[in-house]
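Below, each value reflects all heavy atoms present in this structure, side chains not excepted, and no hydrogens, waters or symmetry copies. Start at 1 with the first residue, then count along the sequence.
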Amino acid sequence: MAMTHDYLDFLDERIDISPTSSEEELQAAEVISDLMGQHNVEASIEGFEAPSLSGLDRAVLAIACLLGIVLAGTGMFPLTLIGFLLAIVPAALSVLRLFGRAPRLAFGPSAQSQNVVAVHRATGPLVTKGSRTIVVAAHYDSPRENFLYTSPVAPYLTLASRLSVPCSFAVAVCAFIQLLGFLPAPFRIVVWIVGILASLPAMLPAVGAIAERTAPCTEGTNDNKAAVAALLGVLENVRPSGAKPKARPVPAAKPESDEAGETNAEKRDGDAPAPAPSPVEAEPVVGVRHGAEVLRSLGILPETCEIDYVMPQAPVKPEPPVETPVLADETAPIEAPAEDTDETDEAGTTREDLLSTGRFRLDMDEESRGVGEKDASGLSAIDEGFDPDATQPAAPLERPDAPSDPEWGKTSYRPQLSSVARRALLFDLPDPSANEVDPFATDPNATRVQPPAPATPDVVVPADQPLDTISAQDEPEELDAPSDAKPKNPVRSLLGRLRGKAAQADESDEGADERSGRRRGWRGGAAARGGLRLVGEDDQAGEETPTDEELRDAVLALGDDELIAHDIWFVALGGSALDHAGMRSFLARHRSEIRGCFVVNLDCVGAGRLVTLKNEGLEETRRADRRLTRLLAGAAADLHVELGQETHDWADTDATPAMRSSLRAVTVMGLDDNGFPALSRTPEDTMENVSGDQAAQVAAVVTEMIRRS
């Protein structure tokens with residue numbers, strides 16, 4: 001999973017912005033195609049056309065609805081009729097969508113875009129006929145900024161989008177009332193005002209959508225690059241490219257400081273005074289300094305500003321301390337001269353020369369502390385022929401004689417074994433001489449094996465004591481029923497039988513889940529070798545302790561046969577801003593090849609709270625596939641990744657067209673506090689705010705889901 005970090009860094013470096021239907025989008029598609037081709041899969045770029053104004057149909061209908069209700073309240077019958085027709089159009093289309101008959105409004109000149117598609121064909125020993133196809137999709141076109149996402153009304157945008165559909169019916173009713181001239185004028189005016197207010201919720205997102213088409217593009221690091229990096233991470237797990245991931249930089253730990261600004265090191269010093277500041281000297285000035293008159297002539301500063309030049313200061317390196325030789329006892333004080341002197345070579349200098357210069361003074365105690373004979377100065381006298389480096393003879397060591405006792409080092413202790421301990425191993429063996437009867441046999445003359453003796457030695461069972469047996473004639477009707485038990489209730493018996501059948505049905509469902517791939521796989525856990533060795537053992541051998549991520553990848557790699565046993569499609573979608581035209585084009589071109597597939601859509605997975613969307617779409621709302629959602633949730637739980645569930649019934653995603661085409665699909669998305677895709681359509685969508693670790697976690701979860709599907 002570590003390659004996901006490198007893919008994210010590479011995409012952020014190579015791709016700046018890639019707006020829909022632009023040359024930058026085509027270049028981004030070529031970069032992604034080259035990355036896919038490094039994994040020994042055939043990547044192709046599939047171009048398509050889409051109307052350039054796709055996705056603005058709701059905004060146009062919202063404007064028409066507001067204009068219609070305004071014209072309906074003018075009081076002039078022709079304008080009222082035109083306003084009524086405009087006001088009921090959104091409501092009529094909503095009714096048609098409920099029955100699946102609504103036409104798709106697409107207008108404007110054609111725009112060019114393309115998808116990048118790579119396919120891994122099923123391989124390995126676990127390939128079976130009819131295995132389910134997996135489609136992993138993520139869009140790569142950059143969105144544009146939407147000023148409403150960073151405005152004070154951002155928390156209310158999702159509510160306004162949900163209210164737009166029911167409010168369109170209210171507007172249609174209010175416009176119809178304006179045609180009824182026999183109603184009192186004050187009543188019609190009040191209804192007219194209510195209709196105008198009902199049209200405002202749909203106008204709020206419409207204004208943002210129209211302004212978004214003319215706004216600048218964002219970098220899209222989280223909106224599209226993080227999802228594409230996660231997609232490439234899954235491709236790396238399925239078809240490794242052989243590239244080694246780069247080492248991740250380890251952030252340096254900063255010293256903690258308290259309110260007074262003292263560091264931990266200063267705290268350990270207690271009340272020790274702070275060190276005095278080192279002397280500083282002025283830096284040499286590079287360039288030319290102009291006077292205050294020249295600076296004021298530029299007109300940059302106001303007249304009231306005072307100009308004061310400060311010379312830059314640089315710390316002076318402290319001089320190294322001068323080491324003085326010690327000629328006598330270390331406790332004797334040695335005074336150095338106050339003035340600086342030139343350094344001299346002391347290799348051939350004698351003690352008399354040093355003392356004659358007056359630079360050193362030697363203070364000796366009355367009693368000498370040296371070893372051996374002393375000279376007049378109190379120092380140890382050394383022979384001229386003495387060589388300190390030569391080997392000196394040493395006195396031989398006297399070894400003690402061996403003890404004369406022949407029993408020395410021996411012990412006379414002998415452990416005594418009890419007779420019970422010797423016979424303990426024979427307690428579990430049956431007595432071959434005993435003629436026992438099997439208690440569960442109907443024949444009383446059958447041979448019975450003696451039961452094992454109890455573990456406690458306190459209880460003794462005589463060998464000749466017969467054991468009571470239960471024969472078939474003496475067996476009661478209900479062994480575990482009390483003697484005073486009441487007769488059975490037929491109703492309870494019937495309910496018990498029904499419950500038993502339900503339990504059997506549940507067990508059969510669980511078996512079907514196991515056969516269909518809903519089994520629980522690896523639940524995490526791997527022991528690092530560093531915890532099972534002596535300290536320094538591997539360090540001496542030059543081995544490195546594996547990280548937690550490497551251990552997880554190694555454990556997950558054990559199920560690679562299950563991973564590669566599926567046909568897996570990796571699709572980088574273009575034209576997502578044109579009402580998800582990339583997914584529509586992919587479904588139309590490969591409908592027969594991906595019939596019955598699983599579609600996993602990745603969107604904004606590098607930041608925010610990771611969730612799976614339970615339902616999608618403002619109108620024609622579709623629910624995510626439950627089995628696919630359950631597989632993702634189980635894989636995330638086993639990998640210790642937090643993955644929640646949220647509703648998204650106020651907008652569409654790239655997976656929504658697949659759901660409306662009766663495909664099993666789900667979207668994994670990172671959401672912010674307002675329920676929007678995290679950092680999407682905002683200027684903060686930069687590399688500094690995106691986590692490569694989170695994108696790698698999504699790649700790991702999707703990979704494990706493919707193994708279990």
Side-chain angles (χ1 to χ4, degrees), residues 50-69 72 83-108 157-176 195 198-210 212-213 573 575-588 591 599 601 603 613-626 646-667 669 675:
S52 59
L53 298 181
S54 298
L56 292 179
D57 50 349
R58 299 187 186 279
V60 173
L61 292 176
I63 295 175
C65 185
L66 177 60
L67 180 61
I69 189 62
F84 170 73
L85 295 177
L86 291 176
I88 66 172
V89 170
L93 292 178
S94 297
V95 173
L96 292 177
R97 288 192 183 96
L98 293 177
F99 295 96
R101 300 291 184 180
R104 182 170 173 269
L105 302 179
F107 50 91
L157 282 178
T158 57
L159 179 60
S161 298
R162 292 186 178 97
L163 293 177
S164 60
V165 176
C167 286
S168 63
F169 294 100
V171 173
V173 173
C174 294
F176 175 73
S199 64
L200 295 181
M203 282 298 301
L204 187 61
V207 172
I210 294 175
E212 182 180 334
R213 291 303 179 99
L573 301 172
S576 180
L578 302 179
D579 196 16
H580 313 289
M583 178 60 78
R584 299 179 188 276
S585 174
F586 172 75
L587 296 178
R591 180 67 178 180
V599 179
N601 176 42
D603 196 358
L613 304 183
K614 294 189 295 185
N615 45 30
E616 303 177 9
L618 177 61
E619 293 182 287
E620 297 181 273
T621 304
R622 293 293 184 269
R623 184 180 180 87
D625 184 67
R626 297 183 180 180
E646 294 289 340
T647 59
H648 199 75
D649 56 351
W650 60 275
D652 296 349
T653 68
D654 286 322
T656 308
M659 295 179 183
R660 291 171 181 165
S661 299
S662 302
L663 293 180
R664 300 172 179 266
V666 70
T667 297
M669 181 180 289

Novice: Identify, with sequence neighbours excluded, every residue that meets side chain to side chain contact (heavy atoms under 4.5 Å, CB included) alongside Thr656.
Specialist: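 Residues passing side chain to side chain contact (heavy atoms under 4.5 Å, CB included) with Thr656: Glu616, Asp652, Thr653, Arg660.
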Novice: Nearest 0.5 Å please: distance from the CG atom of Leu200 over to the OG atom of Ser164.
Specialist: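 Here the rounded value is 12.5 Å.
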Novice: Heavy atoms, side chains only, cut-off 4.5 Å: are Val666 and Leu613 in contact?
Specialist: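 No, side chains not in contact.
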Novice: Under 3.5 Å, side chain of Asp649 to main-chain N/O of Thr621, donor-acceptor pair present?
Specialist: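 No, the answer is negative, given that no donor and acceptor are paired below the 3.5 Å cut-off.
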Novice: Looking at residues at least two apart in the chain, or sitting in another chain, which of them share a salt bridge (Lys or Arg N to Asp or Glu O under 4.0 Å) with Arg213?
Specialist: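 Result, salt bridge (Lys or Arg N to Asp or Glu O under 4.0 Å) vs Arg213: none returned.
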Novice: Can you list everything that forms a side chain to side chain contact (heavy atoms under 4.5 Å, CB included) with Leu67? Sequence neighbours excluded, please.
Specialist: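 Applying side chain to side chain contact (heavy atoms under 4.5 Å, CB included) to Leu67 gives Leu71, Leu86.
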Novice: Kindly indicate whether the side chain of Met203, heavy atoms from C-beta on, has any atom under 4.5 Å from the side chain of Cys65.
Specialist: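 They are not in side-chain contact.
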Novice: Might you point out which heavy atoms bring Thr158 and Trp650 nearest each other, and give the distance in Å?
Specialist: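 The answer is CG2-CE2, 3.6 Å.
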Novice: Could you walk me through whether Asp625 and Leu663 pass the side chain to side chain contact (heavy atoms under 4.5 Å, CB included) check?
Specialist: CA-CA 9 Å; Asp625 184 67; Leu663 293 180; over 6 Å; no
Novice: Would you name the heavy atoms of Ala655 and Thr667 that are closest together and state the gap between them?
Specialist: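 Closest pair (atom of Ala655, atom of Thr667, distance): CB-OG1, 3.2 Å.
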Novice: Closest approach of Ile88 and Leu85, non-hydrogen atoms and distance?
Specialist: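 The answer is CG1-O, 3.4 Å.
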Novice: Who passes side chain to side chain contact (heavy atoms under 4.5 Å, CB included) against Ala175, sequence neighbours left out?
Specialist: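 Ala175 satisfies side chain to side chain contact (heavy atoms under 4.5 Å, CB included) with Ile69, Ala72, Phe84, Ala87 only.
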Novice: Check side chain to side chain contact (heavy atoms under 4.5 Å, CB included) between Leu157 and all other residues, then give those that pass, not counting sequence neighbours.
Specialist: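 Checked Leu157 against side chain to side chain contact (heavy atoms under 4.5 Å, CB included); matches are Leu148, Tyr149, Leu204, Phe676.
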Novice: Look up atom CZ in Phe169 and atom SG in Cys167, then write down how far apart they are to the nearest 0.5 Å.
Specialist: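 So the gap between those two atoms works out to 11.0 Å.
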Novice: Considering non-hydrogen atoms only, spot the tightest contact between His648 and Met669 and give its length.
Specialist: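 For His648 versus Met669, the nearest heavy atoms are CE1-SD, 4.4 Å.
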Novice: Taking all heavy atoms of Val171 and all of Ser199, pick out the closest pair and write down the distance.
Specialist: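 Between these two residues, the closest heavy atoms are CG2-N, 3.7 Å.
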Novice: Give every donor-acceptor pair under 3.5 Å between a side-chain atom in residues 50-61 and any protein atom, sequence neighbours left out.
Specialist:
from	atom 1	to	atom 2	distance (Å)
Ser52	OG	Pro109	O	3.0
Ser54	OG	Pro51	O	3.0
Arg58	NH1	Glu619	OE1	2.8

Novice: Run the side-chain donor-acceptor check on residues 576-586: report pairs under 3.5 Å with partners two or more places apart or on a different chain.
Specialist:
from	atom 1	to	atom 2	distance (Å)
Ser576	OG	Asp654	OD1	3.3
His580	ND1	Asp654	OD1	2.9
Arg584	NE	Asp579	O	3.1

Novice: Please give me the minimum heavy-atom distance between Val165 and Ser94, naming the atom from each residue.
Specialist: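 Of all heavy-atom pairs spanning Val165 and Ser94, the closest is CG1-OG, 4.1 Å.
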